[in-house]
Visitor: 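Submitted below is the structure of interest, expressed as structure tokens.
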Amino acid sequence: MIFDARTLPDGQTIEADICIVGAGVAGIALAREFIGGKVRVCLLESGGFQPDKATQSLYWGKNVGHPYYPLDTSRARFFGGTSHFWHIPLGERRLGGVRLRPLDPIDFETRDWVPYSGWPFSRSQLDPYYERALDICRIGPDTFEVGDWENPTQTQRLPLDGQRVETTIFQFGVRDPFFTDYRAEIEQSENVSAYLYSNVLEVETDEAGRTVTGIRAATLDGKNFQTRAGIYVLALGGIETPRLMLLSNRVQSAGLGNEHDLVGRFFMEHPHLWSGIFVPTDPGLFDATGLYRIHEAKGRAIMGKLTLSEEVVRRERLLNYCASLHPKHLPDPRFQSRASKGVDSLNAFRSALGHGELPEGAGEHLSNMLGNFPEIAQHVYRKIRRRGKIKVFRLNTMAEQIPNPESRVSLMTERDPLGQNRAQLNWQPTTADMRSIIRSQEIIGEELRRSGLGELYIELEDDAPPPHLHGGWHHMGTTRMHTDPKKGVVDENSRVHGLANLFIAGPSVFPTSGYANPVLTFLALTVRLADRVKKLLG
């Protein structure tokens, strides 16, 4: 059943066995696990079935770190949540989709070269739940082995040394089941009740701060109500979940579950970057790389990407990495000069002399020009030749980010229309993240060259995160999982440390991110959590 909370009597109390906050992908998947049973489920959603400006504006916040998307545009605050942002075109017969792939086994390990790495369990322990997550996303068969998807005559992998560079497969799930089919299931359910336009203001606890006693919520038109349940699950995403926990500070002054100042820290994204130009030796390669474009195989939309082997990731002590290949017409990189001090100084001299004067710091500029003569010569040669565009492959990187406690979500002093402090995001990718990306591209370039396939021109010149580095709306890590409450917000069962009946669903519990989109993994964790809750409720 689905209700409009604006029609509730002011001050109403809703009774349930489980209260789930957030009807996005994780919240809907969790609620579905109880449909048809005796357990009473209350599902609270801030928005309605369609976006509206007033509700969406509650997401507004401030970015104070590396440039990032406006916070009110990086999430959808209405029924179906982030699934509305799955917009990758999959052809005329399909709606927008999302890339799906499990994390790799190495992503779960404690790696001595990745600070704060390590999950409380191995990939193999999550495999049965990955199978159920695939069913929720309506994809399959249950294989991501490239050999099960390539066609020797049409979509064959590139002939690279698999000991260093591999081809990996992503499947694509469509977005519509979460806000059409699964909405209909909840509407027809007798034991699951969803309440739209329900904005949660606070998670209430007993005086000791050890048990959640209720959820305080309100509508934008002024109605207030409460929810009482035995078990509570927060499924608000990687920014709003820590925000709500920090706001729930009447008993625990630092915020709920924040005894060790971990709530909101370790915000991770997948660094996305258009960088790297692959010029093939044989133009025929453009017709032989169908595996690396979105296409249909066995009735599923799939795509191949290049990644590093686990062996080379270990040996080189790198972060996990993948890159997709995209045919583009670009200026020939063989006749492009990179920015250098010499070229910059040359331009400074030209500009100043055009005004009949010498540039400020002329001596230093002259030294830069003399010390960087080859780059200047290349720059002048490119200007003279004025080469046109050629067809190349552009690399689109999606990589792992090192967990960084200084990368975090916190509260602003500014408040929203409900009187709640707004969120502030300080995303902090590091030079170590960039060094790993650069080295990963170097290895791929070496293998492309060794195999006679062509030359990869690496455009990144230093390890400072460039301004055009961006994310994929993958908000992870801010309520990270660890068996030790001094190192994580939730335990291995997704229960908040120190609270008997509060759990978290979604990618905010990830200790590390890998390179794969988080959807399939957090859905696997969600159905795993559902099994845990069923046991607790008997």
Side-chain angles (χ1 to χ4, degrees), residues 157-161 164-168 271-289 291-293 303-309 312-313 316 318-344 346-347 372-399 429 431 433-470 515:
R157 78 187 86 178
L158 292 174
L160 299 170
D161 180 1
R164 300 190 78 203
V165 178
E166 299 177 341
T167 296
T168 193
H272 285 58
L273 194 67
W274 285 98
S275 181
I277 300 173
F278 169 35
V279 182
T281 303
D282 180 4
L285 192 66
F286 291 101
D287 299 323
T289 53
L291 181 66
Y292 301 89
R293 302 168 199 171
M303 180 184 193
K305 295 190 180 188
L306 295 181
T307 188
L308 305 179
S309 69
V312 79
V313 168
E316 299 265 355
L318 297 172
L319 300 168
N320 225 338
Y321 171 93
C322 73
S324 50
L325 302 175
H326 301 264
K328 303 281 185 180
H329 281 91
L330 297 173
D332 193 331
R334 291 168 293 189
F335 296 95
Q336 292 184 42
S337 62
R338 295 185 174 189
S340 72
K341 289 183 178 180
V343 174
D344 289 342
L346 174 66
N347 291 332
N372 292 271
F373 184 76
E375 289 84 357
I376 293 175
Q378 186 185 52
H379 174 77
V380 174
Y381 180 65
R382 179 177 64 86
K383 291 289 186 181
I384 295 173
R385 293 295 299 269
R386 295 187 180 276
R387 285 294 181 103
K389 292 184 177 181
I390 64 170
K391 193 174 182 182
V392 299
F393 290 102
R394 193 77 192 275
L395 266 64
N396 187 9
T397 285
M398 188 164 72
T431 55
D433 300 321
M434 297 308 303
R435 283 196 296 270
S436 182
I437 290 174
I438 293 170
R439 180 56 187 151
S440 297
Q441 289 197 338
E442 289 173 349
I443 292 169
I444 290 175
E446 291 165 6
E447 289 307 306
L448 290 172
R449 189 182 311 113
R450 187 196 62 79
S451 301
L453 295 175
E455 189 75 22
L456 176 63
Y457 293 85
I458 298 172
E459 298 172 283
L460 294 170
E461 297 178 347
D462 58 56
D463 56 12
H468 61 287
L469 179 76
H470 60 286
Y515 64 73

Visitor: Check Ala399 against Ile437 and note the closest heavy-atom contact, atom names and distance.
Guide: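 Heavy-atom minimum between the residues: CB-CG1, 3.9 Å.
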Visitor: Is it true that Glu446 and Arg449 make a salt bridge, defined as a side-chain N closer than 4.0 Å to a carboxylate O?
Guide: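 No, this pair does not count.
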Visitor: So how far is it from Leu273 CG to Met398 CE, rounded to the nearest 0.5 Å?
Guide: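 Reported value, rounded in 0.5 Å steps: 13.0 Å.
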Visitor: Atom CD1 of Ile277 and atom CD1 of Ile458: how far apart are they, to the nearest 0.5 Å?
Guide: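 Going from the CD1 atom of Ile277 to the CD1 atom of Ile458 covers 11.5 Å.
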Visitor: So Leu453 and Pro159, do their side chains get closer than 4.5 Å, heavy atoms only?
Guide: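 SC-SC contact between Pro159 and Leu453 confirmed.
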Visitor: What heavy-atom pair brings Pro429 and Pro465 nearest, and what distance separates the two atoms?
Guide: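 Nearest heavy atoms, Pro429 then Pro465: O-CG, 3.7 Å.
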Visitor: Ignoring hydrogens and angles, tell me if any N or O in the side chain of Gln441 forms a donor-acceptor pair with the backbone of Ser275 under 3.5 Å.
Guide: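 Such a contact is found between Gln441 side chain and Ser275 backbone.
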Visitor: Report yes if the side chains of Met434 and Pro271 come closer than 4.5 Å at any heavy-atom pair, otherwise no.
Guide: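 No, side chains not in contact.
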Visitor: Kindly compute the distance separating SG (Cys322) from CG (Leu395), expressed to the nearest 0.5 Å.
Guide: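 Separation between the atoms: 10.0 Å.
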Visitor: Any side-chain heavy atom of Val165 sitting closer than 4.5 Å to one from Leu158?
Guide: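 No. Closest side-chain heavy atoms not under 4.5 Å.
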Visitor: Nearest heavy-atom pair of Pro327 and Lys391: which atoms, and what distance?
Guide: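 The pair with the smallest heavy-atom distance is CB-CE, 4.1 Å.
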Visitor: Give me the atom names and distance for the closest heavy-atom approach of Gly276 to Leu456.
Guide: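 It is C-CD1, 4.0 Å.
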Visitor: CD of Glu455 to CG of Leu448: how many Å apart, nearest 0.5 Å?
Guide: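 Output value for this atom pair is 9.0 Å.
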Visitor: Is it true that Arg164 and Glu442 have a side-chain N and a carboxylate O under 4.0 angstrom from each other?
Guide: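 Glu442 and Arg164: not salt-bridged.
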Visitor: Hey, what do you get for CD1 (Ile444) to OG1 (Thr397), rounding to the nearest 0.5 Å?
Guide: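 Spacing of CD1 (Ile444) from OG1 (Thr397) equals 7.5 Å.
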Visitor: Report yes or no: does Thr167 contribute a side-chain atom to a donor-acceptor pair with the main-chain N or O of Leu306 at less than 3.5 Å?
Guide: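 No; zero donor-acceptor contacts below 3.5 Å.
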Visitor: Rounded to the nearest 0.5 Å, how far does CG of Leu160 lie from CZ of Arg450?
Guide: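 Atom-to-atom, Arg450:CZ and Leu160:CG are 7.5 Å apart.
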Visitor: For a 4.5 angstrom cut-off between non-hydrogen side-chain atoms, does His468 reach Trp274?
Guide: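 Result no, sub-4.5 Å side-chain heavy-atom pair not found.
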Visitor: Do the non-hydrogen side-chain atoms of Tyr292 and His326 ever get within less than 4.5 Å of each other?
Guide: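 Heavy-atom side-chain distance check fails, nothing below 4.5 Å.
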Visitor: So which atom in Pro466 and which in Leu460 form the shortest heavy-atom distance, rounded to 0.1 Å?
Guide: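 Reported closest heavy-atom pair: CG-CD2, 4.2 Å.
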Visitor: Should the ring pair Phe393 and Phe278 be called parallel, tilted or perpendicular, given that the plane angle runs from 0 to 90° and is split at 30 and 60?
Guide: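 Aromatic pair Phe393/Phe278 classed parallel.
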Visitor: What do the steps show when you test Leu318 against Ile443 for side chain to side chain contact (heavy atoms under 4.5 Å, CB included), and what is the final call?
Guide: CA-CA 11 Å; Leu318 297 172; Ile443 292 169; 3.9 Å; yes
Visitor: Determine whether a donor-acceptor pair (N or O, by modelled atom type, separation under 3.5 Å) exists between the side chain of Tyr515 and the backbone of Thr307.
Guide: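 No, the answer is negative, given that no donor and acceptor are paired below the 3.5 Å cut-off.
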Visitor: With a 4.5 Å limit on heavy-atom distance, are the side chains of Tyr321 and Ser436 in contact?
Guide: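 Not touching, per the 4.5 Å side-chain cut-off.
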